[in-house]
Asks: 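Mind looking over this structure? Questions follow.
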Amino acid sequence: MDGGDIVAEGSNPLDQDIIAQILSNVHGKSLLEQRTICKAWNDIILGSSRLNYKVHGSPQSIETFKDISSPYPYFSFMGLNLETDVFGDPVFFRRFSVNFCPTIKSLAFLKCELPTGRFFELLAFCKKLDRLVIKMSPTILEPDMGILHWGFCFKNVKRTLAGLSVLIISEKNIPEKTLFGLTAEMAMLKALQIGIEDGFLPVYSIGKILRKNANTLRCLTLRGPVHPASCTETGLFPIDLPTMKNLEVLSLIRQNFYNSHVDMLEKFLNKCPQLNTLFMTGSYIGKTTLSKITDNLTKLTLHLNHYEENLFEGHYTFPKLKLLKLAQGADCIGSEDAFRQLLSNHFSELETLELELLIDASVVLKGLMNASYPNLKTMKLAGCIGIAGPALRHIFKDFNSLTSLSITNCPEITDESLCPQANVEETSLANMKGLQFLDLSETEVGNQTITKCIIGMKNLEIVKLNGTKVTQGGLSIIVKSLKSSLTKIFAKRLPCVIKMSGRNEWYRVAPKLEISCSLEVKGTVVEID
């Protein structure tokens, strides 16, 4: 839509239908004037559903925002100099702060410029604010924020910040006193995300936040390295932290842990009795780092720079694990054996397995040869080397109850590695009769895989063949053979672009089919999503 974008999130089907009817008939300012079209529309605007009003840097979007006449619970500002473009007008700022801010539940600033003083003036009027997002908007988070008294609105700003349950901050750098000043009153946080691009995480302030919100915090995401000199008193997870009674999700991204930090991490994890999801990218972990939390984990993602040999030997069982994602980092020494040991476990509840960037997938996949995953439904193999061969055939044989399979960005995957071979008693992709989703993008497969394997998958709903050697003729075979089940097909970056006549023929055969492809229209290639 031109102008301000109104996005419905989480609305029920009736609300979605009403919104679709309105959006199809009116645009921009006219949309706002149609809010009285029915009671349901008013209910939606007033917050029964999650309506996010997005304002971006185009003149039309700004002008439409200035004409706003109904309150919305969620506002996102993107790529704006808010003082110059919007709030510098005292009449509009007064109208917005008095009439709209009191009902706002979420404010998001993405690549915006706004003086800290004006930012606090807005917060003073946001009595119901629950979620605050600041990304790449450095003028909002001035270094002296920690010593500001916020003028006449001090008490109201203090009240607003104290009521937040979600705080998300992502900047190039976040000074300690800035984060400390902003979060000094916060003691009800349920979700905290702190990310930096340059420098080191403000670990002292983060430690203060964790102490104050130890009883409420459920989701914690920290992106960026810690200073090598930080110690057990001032590190990312100080030794005196209380038990994080309700922490369920922990994401540590781009970490550079040293030995002392690994010890601190282990002690911190042991203080998280409810932790069920762990996402880690960065340096490494020790042999006992995860040993005390394996019984509760349901989701585990590891993309570390270094894995100790025999890291997962012996004491790792993960009885409740439902999702496991492993990826190799820059230093691959030891990782193959570590992964193989982990995959050799009996994961009775595992539903999703993802393996990425494996340098020698044949070694890692040997862990599957004696494994038993009775509930596994989704497998993803991406960017792997050495994947073709006995281990892949083993997947086709013993994991043929999968409903979703992705083998992507693997150049050695060809028709020969997937298809049944004449006079050879080996299983192939054709065994995967129950697949509903198949992604072979960025591999070397062609039409032979279609004719020998894919057309026999009568339950297949979505197939992705972007960047393969499949032709338009091969795609036509899929559409005609699977027209009763297929709902969407992806066919971009193929050797030849799709002709309009071919696409029209597919729609005639399967009228409800969604097609994402590189389409030739009057001599020009158009990407259709």
Side-chain angles (χ1 to χ4, degrees), residues 13 16 322-325 350-356 373 375-384 387 392 395-396 399-410 413-415 417-419 428-499 502-519 526-529:
Q16 292 175 350
K322 293 183 179 294
L323 181 148
L324 176 61
K325 182 175 180 179
L350 193 66
E351 298 175 354
T352 301
L353 175 63
E354 300 183 23
L355 302 174
E356 295 185 359
Y373 310 153
N375 289 303
L376 192 67
K377 297 299 179 185
T378 299
M379 184 178 291
K380 297 181 180 180
L381 306 171
C384 298
I387 189 175
L392 187 60
I395 292 174
F396 297 152
F399 294 94
N400 54 23
S401 60
L402 292 175
T403 58
S404 175
L405 177 63
S406 298
I407 306 176
T408 60
N409 293 284
C410 301
I413 294 298
T414 62
D415 290 334
S417 62
L418 298 183
C419 298
S428 68
L429 181 62
N431 288 59
M432 314 293 282
K433 301 291 186 183
L435 286 182
Q436 299 172 12
F437 175 93
L438 176 64
D439 188 358
L440 299 175
S441 297
E442 310 305 329
T443 63
E444 297 296 307
V445 300
N447 291 347
Q448 187 178 350
T449 297
I450 292 175
T451 57
K452 291 188 176 183
C453 302
I454 295 179
I455 62 173
M457 301 174 181
K458 300 303 181 182
N459 296 311
L460 197 60
E461 298 176 3
I462 300 175
V463 59
K464 291 188 173 184
L465 297 167
N466 297 329
T468 63
K469 293 185 175 181
V470 171
T471 66
Q472 180 169 322
L475 295 172
S476 296
I477 294 174
I478 295 178
V479 173
K480 293 176 181 178
S481 302
L482 304 178
K483 60 183 179 182
S484 60
S485 65
L486 202 63
T487 60
K488 187 162 187 177
I489 189 168
F490 293 78
K492 292 184 177 181
R493 301 183 301 281
L494 300 183
C496 298
V497 296
I498 307 303
K499 303 292 185 181
R503 182 169 174 264
N504 292 339
E505 174 64 17
W506 297 345
Y507 280 136
R508 187 189 66 79
V509 174
K512 295 183 179 181
L513 181 64
E514 295 182 44
I515 303 171
S516 174
C517 65
S518 302
L519 185 68
V526 180
E527 300 295 331
I528 305 295
D529 293 321

Asks: Would you indicate whether the side-chain heavy atoms of I413 and L392 approach each other to under 4.5 Å?
Replies: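 A side-chain contact under 4.5 Å exists here.
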Asks: Test of understanding: with side-chain hydrogen bond (donor to acceptor under 3.5 Å, both in side chains), list the residues that count as partners of Q472, not counting sequence neighbours.
Replies: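 Residues passing side-chain hydrogen bond (donor to acceptor under 3.5 Å, both in side chains) with Q472: none at all.
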Asks: Would you check, one step at a time, whether the test side chain to side chain contact (heavy atoms under 4.5 Å, CB included) holds for L440 with L418?
Replies: CA-CA 11 Å; L440 299 175; L418 298 183; 4.1 Å; yes
Asks: Which residues pass the side-chain hydrogen bond (donor to acceptor under 3.5 Å, both in side chains) test with K492, not counting sequence neighbours?
Replies: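 side-chain hydrogen bond (donor to acceptor under 3.5 Å, both in side chains) check on K492 returns D529.
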Asks: Inspect the surroundings of NZ in K480 and state if more than 12 heavy atoms from other residues, nucleotides or ligands are less than 6.0 Å away.
Replies: no
Asks: Quick one, I528 and I515 - any side-chain contact, counting heavy atoms below 4.5 Å?
Replies: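 Side-chain contact under 4.5 Å: no.
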Asks: So, do N459 and S485 sit near enough that their side-chain heavy atoms are less than 4.5 Å apart?
Replies: no
Asks: Would you indicate whether the side-chain heavy atoms of I455 and I450 approach each other to under 4.5 Å?
Replies: yes
Asks: Would the distance check show the side chain of T408 and the main-chain N or O of A382 forming a donor-acceptor pair, the cut-off being under 3.5 Å?
Replies: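 Between the backbone of A382 and the side chain of T408 there is no qualifying donor-acceptor contact (under 3.5 Å).
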Asks: Let me see the working for C517 and R503 under side chain to side chain contact (heavy atoms under 4.5 Å, CB included), right down to the final yes or no.
Replies: CA-CA 9 Å; C517 65; R503 182 169 174 264; 4.3 Å; yes
Asks: Quick one: does I454's side chain get under 4.5 Å of I477's, heavy atoms only?
Replies: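 No, side chains not in contact.
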Asks: Looking only at atom types and distance, does a side-chain atom of T451 sit under 3.5 Å from a main-chain N or O of Q448, one as donor and one as acceptor?
Replies: yes
Asks: If the threshold is 4.0 Å, N to carboxylate O, is there a salt bridge linking E351 and K377?
Replies: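 No salt bridge links E351 with K377.
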Asks: With a 4.5 Å cut-off on side-chain heavy atoms, are L494 and L475 touching?
Replies: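 Touching, per the 4.5 Å side-chain cut-off.
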Asks: Would you call K380 and K325 a side-chain contact if the rule is heavy atoms closer than 4.5 Å?
Replies: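 A side-chain contact under 4.5 Å is absent here.
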Asks: If I take atom OG from residue S401 and atom CG from residue N375, how far apart are they, to the nearest 0.5 angstrom?
Replies: 9.0 Å
Asks: With rounding to the nearest 0.5 Å, note down the distance linking CE in M379 to OG1 in T352.
Replies: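 So the CE of M379 and the OG1 of T352 are separated by 10.0 Å.
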Asks: Going from CG on L355 to CD1 on I407, what distance comes out if it is rounded to the nearest 0.5 angstrom?
Replies: 11.0 Å
Asks: Stepwise, does the side chain to side chain contact (heavy atoms under 4.5 Å, CB included) test hold for L381 with I395?
Replies: CA-CA 11 Å; L381 306 171; I395 292 174; 4.1 Å; yes
Asks: Rounded to the nearest 0.5 Å, what separation is found between the CG atom of N447 and the NZ atom of K469?
Replies: 11.5 Å
Asks: Could you check whether atom NZ of K499 has more than 12 heavy atoms from other residues, nucleotides or ligands sitting under 6.0 Å from it?
Replies: no
Asks: Does W506 reach the side chain of I498, with side-chain heavy atoms less than 4.5 Å apart?
Replies: yes
Asks: Anything under 3.5 Å between a donor and an acceptor, one on a side chain of residues 429-439, the other on a protein residue two or more places apart or in another chain? List them.
Replies:
from : atom 1 : to   : atom 2 : distance (Å)
N431 : OD1    : S428 : N      : 3.2
D439 : OD1    : S441 : N      : 3.0
D439 : OD1    : S441 : OG     : 2.7

